[in-house]
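Labels below follow one simple rule: chain letters A, B, ... track the order of the sequence lines, proteins then strands, and each chain is numbered from 1. All of these numbers come straight from a predicted model, not from anything done at the bench.
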Amino acid sequence: MTRDDSTGSGGLGFEPEDLDGHTMDELGDYLDAGRTPADPSIDASPGCRIALDALERLRRLGPALLDQDTAAEPQADENWVRSIINGIARDARAGRRIPLSVAEPDDDLGITEGAVRGLIRSAGDAVPGVLIGRCRLDGDVTIPGAPIRIDVEASVPYGLPIVRLTQRLRTEIGDRLRTHAELNIAGIDIVVHDVRDLPKGGGEER
Amino acid sequence: MTEDEAAELAARIEQDLLAEPGVSAVYPASGAGLLREAAANLLGSGEAGPRVAIRTGDPLQIDVALGLDQARPAGDTARAAQRLIRRAASGPVQIRITVAHLDASLNRGSIASTRMDP
């Protein structure tokens, strides 16, 4: 975590690839176990919670996605799922602090960049089969009103019109950001990074 | 305000925050708080103290980190939390609120009803 972490846990000496002392593999095991028994050190960490949300999302696309990645096209994109997981770990960190408006000048309200990236990732839930990989807030988010561009990489299912999917994803992201983050969004750029077969199972019910 | 009074106020604010619509979690407000909880868990005591950080003085400084659901705009919930803390402190206070997590789970009902035809 960085110095401007919301919870100030940057000085705890955890490894940079960890989230408050937990690896993504540990978080995956925690999900496998149904989050039981409860691990307070995971549940008390916003970064872990953001990462768990994203891992759950990945898993809802179904086991076929994982099989596909490891068996069908290992050379095409080295290890796509691993890259997504690494991106989740990176994006779940608190990052910069984005101000929220407040009438009292002595008070300081804000939302972490990690929480906003988690919000952007959740927009993928509304578009069937779409999975958001890396997302970046480009611009000085710490200055109220500064123009910010959102850069998102997405994976989309084969057989659905990419233009419609990305339009819908852009709308979902924009709606969520307008509702929850008081940012001046100058644009939302979506790069389709991957087209894959729509997995049977979890993806169909979304 | 004594340390004991501050701890009591912090516990009361934490309880009130958790009852506030839109607030789903109160997280340790500092790295020290996170570390204190980790140590308490390791020792099995479960007595890490309140997650709301209060620094006594004039003004009182209160620092909280929140997890919110997405049923209500994050800014609105944060400002409601700020008002709640002002009422609880009942004196000069400087408040720092950080939204550290937006819980997506409440949206899952609407996700299930969303479809797109090829």
Engineer: Looking at Tyr27(B) and Ala44(A), what are the two nearest heavy atoms and their distance?
Structural biologist: CD2-O, 3.3 Å
Engineer: Should we count CD of Gln15(B) as having more than 12 external heavy atoms under 6.0 Å?
Structural biologist: no
Engineer: What do the steps show when you test Gln70(B) against Leu119(A) for side chain to side chain contact (heavy atoms under 4.5 Å, CB included), and what is the final call?
Structural biologist: CA-CA 9 Å; Gln70(B) 293 185 32; Leu119(A) 180 69; 3.5 Å; yes
Engineer: Quick one, Arg79(B) with Glu182(A), criterion salt bridge (Lys or Arg N to Asp or Glu O under 4.0 Å). Give me CA distance, side-chain angles, the key distance, then yes/no.
Structural biologist: CA-CA 13 Å; Arg79(B) 285 182 284 273; Glu182(A) 296 169 3; 3.1 Å; yes
Engineer: Using non-hydrogen atoms and a 4.5 Å limit, figure out which bit of Val64(B) sits close to chain A: side chain, backbone, both or neither.
Structural biologist: neither
Engineer: Heavy-atom cut-off 4.5 Å, strictly under: side chain, backbone, both or neither for Arg72(B) against chain A?
Structural biologist: backbone
Engineer: From Arg121(A) CZ over to Leu102(B) CG, what is the distance, rounded to the nearest 0.5 angstrom?
Structural biologist: 14.5 Å
Engineer: Any donor-acceptor pair under 3.5 Å linking the side-chain atoms of Gln82(B) with those of Glu104(A)?
Structural biologist: yes
Engineer: Can you tell which of Val116(A), Leu109(A), Ile98(A), Asp43(A) has the highest number of heavy-atom pairs within less than 4.5 Å of chain B?
Structural biologist: Leu109(A)
Engineer: To the closest 0.5 Å, what do you measure between CD (Gln61(B)) and CG (Asp106(A))?
Structural biologist: 10.0 Å
Engineer: So which of Ala78(B), Gly67(B), Ala53(B) has the biggest tally of heavy-atom pairs under 4.5 Å with chain A?
Structural biologist: Ala78(B)
Engineer: Most heavy-atom pairs under 4.5 angstrom with chain B, which of Gly118(A), Gly114(A), Gly110(A), Ala181(A)?
Structural biologist: Gly110(A)
Engineer: Looking at Arg149(A), I'd like to know if its CZ atom is crowded, meaning that more than 12 non-hydrogen atoms belonging to other residues, nucleotides or ligands lie closer than 6.0 Å.
Structural biologist: yes
Engineer: To check you understand the geometry: which heavy-atom pair defines the closest contact between Arg97(A) and Ile97(B), and what is its length?
Structural biologist: NH2-O, 2.7 Å
Engineer: How long is the gap from CD1 on Ile111(A) to NE2 on His101(B), to the nearest 0.5 Å?
Structural biologist: 10.5 Å
Engineer: Which one of Asp108(A), Leu100(A), Thr112(A) satisfies the side-chain contact (heavy atoms from CB on, under 4.5 Å) criterion with Thr98(B)?
Structural biologist: Thr112(A)
Engineer: Between Asp107(A) (side chain) and Ile95(B) (backbone), is there a donor-acceptor pair under 3.5 Å?
Structural biologist: yes
